Participant: 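What follows is a single structure, and I will ask about it in a moment.
Count residues from 1 along the sequence. Worth saying up front: this structure is predicted, and the values here are computed from it rather than measured.
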Amino acid sequence: MIISGTQRLILRDWKDSDRDLFREVNADPDVMEFFPHTRSHAESDATMERVNDMIHASGYGFYAMELRETGEPLGFCGIAPANLEGIFPAGTMEIGWRLATRYWGQGYVTEAAKALLSMAFDEKKLPEIVSFAVQDNLRSIAVMKRIGLIRDAARDFQHPRVPDTQAHLKQHVTYALTLERWKGN
């Protein structure tokens, strides 16, 4: 099922043929630099199933990004519940992404994220979208800025699912965009 698209990309649910790419992204130490650990094939497969189940049940999730011209998957970009109880109120929606390193630096994530913000605000009328990342993850923070999200330092947090043994990954910064601000752009 196609969720959204751009001139270069299709955002859709996951296919079995995407499994190798999903595994690659989640096992790549460069992609996963700001996560507590890379994922095994079994962990990636289970995550892909959960993500696809969420997409089919609610329409939200981390969608496969496919290059329109070739049909090859690149990674993912999506809108999903933030699911960080005690950090964000229930119902808060986040935008997030991961991309195979060979596709970095070509604007794919920014392009996909802008399309998804349009869907979230113009079609779904969501009140706000947040995004968060480890404070040193300058690549993701740059994307957040490029797509129009604004730093909300009052909502920065220590990520509860990051182990204390990886303290350098605990501090997260929060960026957000409201429907009102989106309409004002």
Side-chain angles (χ1 to χ4, degrees), residues 1-6 8-85 87-88 90-120 123-124 126 129-134 137 139-140 143-144 147 159-163 166 169 172:
M1 143 178 62
I2 294 176
I3 307 299
S4 185
T6 70
R8 299 187 298 166
L9 303 170
I10 293 173
L11 300 165
R12 58 166 173 75
D13 59 346
W14 293 90
K15 304 174 187 174
D16 276 340
S17 58
D18 301 325
R19 197 167 299 278
D20 287 342
L21 181 276
F22 198 84
R23 289 171 174 170
E24 172 192 337
V25 167
N26 288 297
D28 186 322
D30 290 329
V31 174
M32 301 298 285
E33 175 183 4
F34 296 103
F35 290 85
H37 58 87
T38 58
R39 305 293 191 271
S40 69
H41 282 189
E43 289 169 323
S44 286
D45 289 351
T47 300
M48 188 172 130
E49 294 303 320
R50 276 194 313 275
V51 167
N52 234 11
D53 288 348
M54 181 190 311
I55 293 168
H56 293 148
S58 70
Y60 294 108
F62 296 106
Y63 315 114
M65 272 193 300
E66 174 183 298
L67 199 55
R68 187 179 290 277
E69 188 175 299
T70 64
E72 68 187 294
L74 314 173
F76 62 80
C77 187
I79 293 175
N83 288 333
L84 282 170
E85 190 176 323
I87 307 290
F88 298 110
T92 300
M93 301 297 278
E94 71 164 299
I95 188 166
W97 46 81
R98 283 187 210 153
L99 189 67
T101 56
R102 64 185 171 278
Y103 301 112
W104 286 8
Q106 298 177 56
Y108 294 128
V109 168
T110 299
E111 185 176 323
K114 285 180 177 179
L116 290 176
L117 288 176
S118 178
M119 179 188 80
E123 296 172 31
K124 305 285 187 183
L126 295 177
I129 298 291
V130 301
S131 192
F132 47 89
V134 171
N137 187 344
R139 289 185 307 270
S140 282
V143 172
M144 292 175 201
I147 64 174
H159 202 298
R161 293 193 295 260
V162 173
Q166 294 178 300
L169 299 177
H172 279 59

Participant: Taking all atoms of both residues into account, what is the closest heavy-atom pair of Ala80 and Met54, and its distance?
Facilitator: CB-SD, 3.9 Å
Participant: Calculate, to the nearest 0.5 Å, the distance between atoms NZ and CD1 belonging to Lys124 and Ile129 respectively.
Facilitator: 11.5 Å
Participant: Whether the side chain of Gln166 engages the backbone of Pro36 through a donor-acceptor N/O pair (distance < 3.5 Å, no angle test) should be reported.
Facilitator: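 Flag set: sc Gln166 to bb Pro36 pair under 3.5 Å.
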Participant: Is there a donor-acceptor pair under 3.5 Å between the side chain of Glu43 and the backbone N or O of Ser40?
Facilitator: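 Yes: the side chain of Glu43 pairs with the backbone of Ser40.
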Participant: Please report the C-alpha distance between Phe34 and Leu169 in whole Å, then the side-chain angles of each, then the deciding distance to 0.1 Å, and finally whether the side-chain contact (heavy atoms from CB on, under 4.5 Å) criterion is met.
Facilitator: CA-CA 6 Å; Phe34 296 103; Leu169 299 177; 4.3 Å; yes
Participant: Side-chain contact test, heavy atoms from C-beta onward, threshold under 4.5 Å: evaluate it for Asp30 versus Trp104 and give yes or no.
Facilitator: yes
Participant: Checking side chain to side chain contact (heavy atoms under 4.5 Å, CB included) against Phe22, which of Met48, Arg98, Arg39 comes through?
Facilitator: Met48
Participant: Between Asp20 and Arg23, is there a salt bridge with N-O shorter than 4.0 Å?
Facilitator: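 Answer for the salt bridge query: yes.
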Participant: Which is it for Asn26 and Thr47 under the side-chain contact (heavy atoms from CB on, under 4.5 Å) test, yes or no, and what are the steps along the way?
Facilitator: CA-CA 10 Å; Asn26 288 297; Thr47 300; 5.6 Å; no
Participant: Taking the side chain from Asp13 and the backbone from Asn52, do they hold a donor-acceptor pair closer than 3.5 Å?
Facilitator: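 Answer holds: no.
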Participant: Taking it one step at a time, do Leu11 and Met119 satisfy side-chain contact (heavy atoms from CB on, under 4.5 Å)?
Facilitator: CA-CA 12 Å; Leu11 300 165; Met119 179 188 80; over 6 Å; no
Participant: Can you tell me how far CD1 of Ile2 sits from CZ of Arg12, rounded to the nearest 0.5 angstrom?
Facilitator: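 With rounding to 0.5 Å, CZ (Arg12) is 8.5 Å from CD1 (Ile2).
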Participant: Would you call Glu49 and Asp45 a side-chain contact if the rule is heavy atoms closer than 4.5 Å?
Facilitator: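 A side-chain contact under 4.5 Å is absent here.
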Participant: Go through it in stages, so that I can follow the logic: the residues are Val134 and His172, the test is side-chain contact (heavy atoms from CB on, under 4.5 Å), and I'd like the CA-CA distance, side-chain angles, deciding distance and then a yes or no.
Facilitator: CA-CA 4 Å; Val134 171; His172 279 59; 3.6 Å; yes
Participant: Could you report the tightest heavy-atom contact between Ala82 and Phe132, atom names first, then the distance?
Facilitator: CB-CE2, 4.4 Å
Participant: Return the CD1 to SG distance between Ile147 and Cys77, rounded to the nearest 0.5 Å.
Facilitator: 7.0 Å
Participant: So, Glu111 side chain and Arg8 main chain: donor-acceptor pair closer than 3.5 Å or not?
Facilitator: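 Yes, Glu111 side chain to Arg8 backbone: donor-acceptor pair under 3.5 Å.
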Participant: Hey, is Asp16 close enough to Arg19 for a salt bridge, meaning N to O under 4.0 Å?
Facilitator: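 Between Arg19 and Asp16 there is a salt bridge, with a charged N closer than 4.0 Å to a carboxylate O.
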Participant: Taking C-beta and beyond as the side chain, do Pro160 and Glu85 meet within less than 4.5 Å on heavy atoms?
Facilitator: no
Participant: Using a strict cut-off of less than 4.0 Å between a Lys/Arg side-chain nitrogen and an Asp/Glu carboxylate oxygen, indicate whether Arg102 and Glu72 qualify as a salt bridge.
Facilitator: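 Judged by the 4.0 Å cut-off on N to carboxylate O distance, Arg102 and Glu72 do not form a salt bridge.
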Participant: Could you tell me whether a side-chain N or O of Ser131 sits under 3.5 Å from a main-chain N or O of Ile95, the two making a donor and an acceptor?
Facilitator: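 Checking the backbone N and O of Ile95 against the side chain of Ser131, a donor-acceptor pair under 3.5 Å is found.
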Participant: Nearest 0.5 Å please: distance from the CH2 atom of Trp97 over to the CG atom of Leu74.
Facilitator: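 Between Trp97 CH2 and Leu74 CG, I get 15.5 Å after rounding to 0.5 Å.
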Participant: Could you check if a side-chain atom of Val25 sits within less than 4.5 angstrom of a side-chain atom of Leu99, using non-hydrogen atoms only?
Facilitator: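 Result no, sub-4.5 Å side-chain heavy-atom pair not found.
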Participant: Does the side chain of Pro81 reach to within under 4.5 Å of the side chain of Glu94, using non-hydrogen atoms?
Facilitator: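 Side-chain contact under 4.5 Å: no.
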Participant: Within a strict 4.5 Å, meaning less than it, do heavy atoms of the Glu24 and Val31 side chains meet?
Facilitator: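 SC-SC contact between Glu24 and Val31 ruled out.
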Participant: What class does the angle between the rings of Trp14 and Phe76 fall in, given that below 30° is parallel, 30 to 60° is tilted and above 60° is perpendicular?
Facilitator: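 Perpendicular.
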Participant: Going from CE on Met93 to CG on Leu116, what distance comes out if it is rounded to the nearest 0.5 angstrom?
Facilitator: 11.0 Å
Participant: Nearest 0.5 Å, what's the CD1-CD1 distance between Ile55 and Ile3?
Facilitator: 6.0 Å
